[in-house]
Structure formats: structure tokens, C-alpha cells
Peer 1: 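Okay, here's the structure, questions in a sec.
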Amino acid sequence: RGRAVATWGLAAGTITIKDGTATLANMSPGTNGAYGITSGAMNPTVKWTPGDTLAVTAAGATVDAFTGNLVTVVDLAGITPTLSLTTATNVPLATALVVSWTAGTATTVRVTLLAAKGTAGDGLISCSVNDSAGTVTVPTALLSKLTTGDNGVLSLTRQSVNMATGANVSVQLLSSTTSTGLVKFQ
């Protein structure tokens, strides 16, 4: 259901991820120092329930040992306008676009509106707000830069961020989930 990936070129020894007392994974650095693990169909033994607190511990190597906790995000719900990957939602460019979701306790929700403008290039609008806000409004001043008739994508990304720390290191821990749908600008 989720994904845990660490990418950097410096090894921190074995990184252990636990959910309560259950060890979900022990990751060792690859030849380039990068770590990575994905839960779900690719690795069915690595799973947690959204909202669980994961403990992340690194034994230390080139990067000193560190520890930290991360609360995994809960999937987005109650999204308006409705998102679909098969039917585009109409987005009028003459009125502000109000995007809402069921508020949660994650750090932020980033709303991204990507427009395909053909040979003129792409347009991108991105706004981040506290997850607890439950809504963001994209003003007409921004929407008016897009072109009527173009297609695009509306995405909401919920993120929870925390820091893992050690003697001389701070590592950002990130949990995220994204909901995406097609849009047509009118």
C-alpha cells in the first residue's frame, strides 16, 4: 500500500523499518549506496496499515547511525472535483477552482494542475497547504494562463514528513499517497 525509498550515495549501514515490534524490512545499501524497498504486490511481506507509526533505524557507516519515526499517510478521500483516469472533469478557466478533500493529519497536501498545451509547452500550477485545511482554491488569475480546450491532469499528493537524527546527520523521512484524474479546460 505504501512505499519506502531512501536514495543517496552514502551508506548508513543496515536500515531497519519496524511497525511496532514487527520488523518490516532490513535494507542494505546497493553498490551505489542507494536503498530502496516497495510494499505491495512487488514485495507482499512489507506492509503496514495507513496511519501506522514506522520506526526507522540505521546502524551507521559512512553516514552515522540515526533513528526516527514516521506516521504513514492515510489515502485521500472525499475529493472534489471527482477524479477519474477514464473521464475528464471539466475545469472552467473563468472561475476559481476549489479543490477539497477529507482533512487529515498529514503534513501537507499538494494540489497540482498540469496542462498539455501541445506545441506551446505545458502549463503547471502547484499549491501546497496544511492537510488539515481540507481545501485549496486555484484563483482565476492563474487559471487564465491556461488554454480553453486543452487537456490536463489534476493530482493531490498527501505527505507526512519527519526527521530522523543522529550524532551528525539529519535524514528526512517521507510518506506520501497521490490521487490523480484527467481534466479538460473550458
Side-chain angles (χ1 to χ4, degrees), residues 1-8 15-27 34-58 66-91 97-116 122-138 142 151-165 170-184:
R1 241 214 209 236
R3 189 176 148 194
V5 177
T7 55
W8 62 77
I15 296 178
T16 301
I17 301 174
K18 288 187 173 189
D19 187 352
T21 59
T23 299
L24 299 179
N26 287 305
M27 300 185 299
Y35 296 80
I37 192 164
T38 302
S39 70
M42 302 256 321
N43 196 350
T45 62
V46 178
K47 58 185 172 184
W48 55 83
T49 301
D52 284 358
T53 299
L54 303 182
V56 179
T57 307
F66 60 83
T67 60
N69 292 317
L70 178 66
V71 177
T72 60
V73 295
V74 175
D75 289 339
L76 287 151
I79 298 171
T80 303
T82 302
L83 300 179
S84 169
L85 292 175
T86 56
T87 304
T89 298
N90 292 326
V91 175
L97 172 63
V98 177
V99 180
S100 62
W101 59 92
T102 303
T105 58
T107 308
T108 61
V109 169
R110 184 178 63 246
V111 175
T112 304
L113 193 57
L114 175 64
D122 293 336
L124 175 70
I125 300 171
S126 182
C127 307
S128 291
V129 297
N130 288 333
D131 186 5
S132 60
T135 188
V136 67
T137 300
V138 181
L142 292 175
N151 296 309
V153 175
L154 175 64
S155 295
L156 283 77
T157 302
R158 174 176 274 162
Q159 297 180 330
S160 181
V161 180
N162 202 3
M163 297 302 292
T165 58
S170 290
V171 176
Q172 186 180 58
L173 303 176
L174 172 70
S175 173
S176 69
T177 187
T178 300
S179 292
T180 302
L182 301 174
V183 294
K184 178 105 177 153

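Basis for what follows: all heavy atoms, side chains included, without hydrogens, waters or symmetry-related copies. All values reported here derive from a predicted model rather than from experimental measurement.
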Peer 1: Could you state the interatomic distance from CG (N90) to CG (L182), rounded to the nearest 0.5 Å?
Peer 2: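 Taking CG in N90 and CG in L182, the distance rounds to 11.5 Å.
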Peer 1: Side chains of T105 and V71: closer than 4.5 Å at any heavy-atom pair?
Peer 2: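 When only atoms from C-beta onward are counted, V71 and T105 do not touch, as no gap falls below 4.5 Å.
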Peer 1: Does the side chain of L154 come within less than 4.5 Å of L83's, by heavy atoms?
Peer 2: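 Contact flag for L83/L154 side chains = yes.
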Peer 1: To the nearest 0.5 Å, tell me how far L76 CG sits from L156 CG.
Peer 2: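 CG of L156 is found 6.0 Å from CG of L76.
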Peer 1: Mind checking what makes side-chain hydrogen bond (donor to acceptor under 3.5 Å, both in side chains) contact with S170, not counting sequence neighbours?
Peer 2: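 Counting only residues at least two positions away or on another chain, S170 forms no side-chain hydrogen bond (donor to acceptor under 3.5 Å, both in side chains).
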Peer 1: Taking all non-hydrogen atoms of both residues into account, name the closest pair between V74 and G51 and its distance.
Peer 2: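 Closest approach of V74 to G51: CG2-N, 4.0 Å.
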Peer 1: Look up atom OG1 in T107 and atom CD in Q159, then write down how far apart they are to the nearest 0.5 Å.
Peer 2: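 With rounding to 0.5 Å, OG1 (T107) is 8.0 Å from CD (Q159).
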Peer 1: Identify the two heavy atoms, one from L70 and one from S160, that lie closest to each other, and give their separation to 0.1 Å.
Peer 2: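 Closest pair (atom of L70, atom of S160, distance): CD1-O, 3.5 Å.
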Peer 1: If you look at every heavy atom in R158 and D75, which pair is closest and at what distance?
Peer 2: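 What the structure gives for the nearest pair is NH1-O, 3.3 Å.
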Peer 1: Restricting to non-hydrogen atoms, name the atom on L173 and the atom on N69 that form the minimum distance, rounded to 0.1 Å.
Peer 2: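 Reported closest heavy-atom pair: CD1-O, 4.0 Å.
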Peer 1: Sequence neighbours left out, what passes side-chain contact (heavy atoms from CB on, under 4.5 Å) with N130? Give chain and number order.
Peer 2: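 Partners of N130 by the side-chain contact (heavy atoms from CB on, under 4.5 Å) criterion, ordered by chain and then number, come out as S132.
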Peer 1: Should T89 and S84 count as side-chain neighbours, where that means a heavy-atom distance under 4.5 Å?
Peer 2: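 When only atoms from C-beta onward are counted, S84 and T89 do not touch, as no gap falls below 4.5 Å.
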Peer 1: To the nearest 0.5 Å, tell me how far I15 CD1 sits from T67 OG1.
Peer 2: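 Rounded to the nearest 0.5 Å, the CD1-OG1 separation comes out at 12.0 Å.
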Peer 1: Which residues pass the side-chain hydrogen bond (donor to acceptor under 3.5 Å, both in side chains) test with T16, not counting sequence neighbours?
Peer 2: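 If we apply the side-chain hydrogen bond (donor to acceptor under 3.5 Å, both in side chains) test to T16, skipping adjacent residues, the hits are N26.
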Peer 1: Heavy atoms only: give me the nearest A106-V73 pair and the separation to one decimal.
Peer 2: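 Taking A106 first and V73 second, the nearest heavy atoms are CB-CG1, 4.0 Å.
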Peer 1: Who are the side-chain hydrogen bond (donor to acceptor under 3.5 Å, both in side chains) partners of T157, not counting sequence neighbours?
Peer 2: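 Partners of T157 under the side-chain hydrogen bond (donor to acceptor under 3.5 Å, both in side chains) test: T178.
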Peer 1: Where do W101 and T135 come nearest, in terms of heavy atoms and distance?
Peer 2: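 Scanning both residues, the minimum pair turns out to be CH2-N, 3.4 Å.
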Peer 1: List for me each residue that meets side-chain hydrogen bond (donor to acceptor under 3.5 Å, both in side chains) alongside T180, sequence neighbours excluded, and say none if there are none.
Peer 2: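 Residues passing side-chain hydrogen bond (donor to acceptor under 3.5 Å, both in side chains) with T180: S155.
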Peer 1: State which residues pass salt bridge (Lys or Arg N to Asp or Glu O under 4.0 Å) with D19; sequence neighbours excluded, sorted by chain then number.
Peer 2: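 Residues passing salt bridge (Lys or Arg N to Asp or Glu O under 4.0 Å) with D19: none at all.
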